Amino acid sequence: MSDPGFGIYVHWPFCASKCPYCDFNSYVSDNVEHGLWAKALVAELEHNFALRPGGPVSSIFFGGGTPSLMQPRTVGDVIETVHRLWGLTNDCEITLEANPTSVEAEKFKGFAAAGVGRISMGIQALNDPDLKALGRLHTVEEALAALGVAREIFPRVSFDLIYARSGQTVEAWRKELAQALDLAADHLSMYQLTLEPGTPFYELHRRGVLILPDEDAQADMYEITQEMTRAAGLFPYEVSNHARPGAESRHNLTYWQLGDYVGVGPGAHGRLTINGKRVATETEHDPAQWLADVQVNGHSIVQQTELSPMSDGEEYLLMGLRLETGISLARFKALSGTAFDRSRARSLMDDGMVAVDGDTLRVTDKGRPLLNAIIAALVV
Ligand code: SF4
């Protein structure tokens, strides 16, 4: 298995509006004190460095929320701090998630000058009525203009789409996907719309107002997605992520291959190896409380828990089986302290859902649409 790398995740929790399907830790606020936030992010990085000083860092990811609402100067302060503390690998991947509005596109040059080399745009749909229904603030025209600007400025560009939307037919998705593949650079993320408890979409669906494509249509859309992306040379290296060879998101590979990562900002999770033990960290979710905590204590870590070998092994299964390449059974043993019990996978192997080739356990193409159920069966 390749080196999983060491990443830094920075959570920016603010958005211009709240999308009705979103259960991320994000808030609408027009009163963000950017200077204080920059200082607090730097302080929380310094605290994490004291916990886990070994470098260099192979990826930085600005996620959210909407990090394209950050000031480029704040992004620059964070990158400079990571560089000063841990150092960066020569090919360090620095990604920023962006919404494709004209306001944000105007800031792209500033983000690039701060050190961002990869942009991940939340385009979500390629027709205006669906963008409106998803609560997005941009139009298709605006999104395509922002994508064009991004492709001129950043060496690497990805965008996200959501499919299996209300009223969407399999044929409509096929056409939209063909258009997306024409527009794609080296990476595409495609997520099936999921209804998260507590969101307006969940409630509308419960009341029968929001109707999604049925299971057969969803399965067909998934299959078309795999076929068409492969044919276009963008391979499904993870269940929702497709890339040209070598253009996979290294930061996400660090998560899925169980590398270490620092998480700063409200509600950020981290995994740090401290004195040979893996430790899970989590920061305060509420932005105002997070900021106040960091101003007093230099950090806002509210959970710092040593992971048992067994939970490390389970996490490796949970994360690693999302990848097309699967997991290494030797690494599972090294992490969990016990060999993988193959009898647990026997019936799934007999049904062609998972395969073991030498040291590798992976979910097959047949099993991939049932990934969550397969992982649940293996983790028991
Ligand atoms: S922009 Fe992204 S993070 Fe913000 S509310 Fe919409 S989906 Fe959630």
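Counting starts at 1 for both ligands and their atoms, following the listed order. What you see is a predicted model, and the numbers here were worked out from it, not measured in a lab.
Each of the following atoms of ligand 1 lies closer than 4.0 Å to a heavy atom of Asn99: 1 (S). Close approach of ligand 1 to Cys22 is summarised as follows: ligand atoms under 4.0 Å from at least one heavy atom of the residue are 3 (S), 5 (S), 7 (S), 8 (Fe). Heavy-atom proximity to Phe24, at under 4.0 Å, picks out these atoms of ligand 1: 3 (S). Atoms of ligand 1 found under 4.0 Å from any heavy atom of Thr66, numbered from 1 in the order shown, are 1 (S), 4 (Fe). Ligand-side atoms of ligand 1 in range of Ser17: 5 (S), range being under 4.0 angstrom from any heavy atom.
Gly122 and His138 get closest at one heavy-atom pair: O-CE1, 3.4 Å.
Val302 and Val262 end up in different hydrophobic clusters when Ile, Leu, Val, Met, Phe, Trp and Tyr side chains are linked at under 4.5 Å. There is a path of hydrophobic side-chain contacts, each under 4.5 Å, that joins Val363 to Leu329.
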Salt bridge (Lys or Arg N to Asp or Glu O under 4.0 Å) assessment of Arg84 paired with Glu46 | CA-CA 10 Å; Arg84 167 170 62 82; Glu46 284 169 341; 2.8 Å; yes

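In this structure, the side chain of Glu97 does not engage the main chain of Ser120 through any donor-acceptor pair within 3.5 Å.
Look at Glu324 and Arg230 and you find a salt bridge, because one of the NZ, NE, NH1 or NH2 atoms lies within 4.0 Å of a carboxylate O, short of that distance.
Within the 4.0 Å heavy-atom criterion, neither part of Ala16 lies near ligand 1.
Of all protein heavy atoms, the one lying nearest to atom 2 (Fe) of ligand 1 is Arg136 NH1, 4.1 Å. Nearest protein neighbour of atom 5 (S) of ligand 1, counting heavy atoms only, is Cys19 N, 3.3 Å. Gly65 N, 3.4 Å is the protein heavy atom nearest to atom 3 (S) of ligand 1.
In this structure, Arg244 forms no cation-pi arrangement with Phe235, as its terminal cationic atom is not both closer than 6.0 Å to the ring centre and no more than 45° off the ring axis.
Taking backbone and side-chain atoms together, Cys15 has no N/O/S atom less than 2.8 Å away from atom 8 (Fe) of ligand 1.
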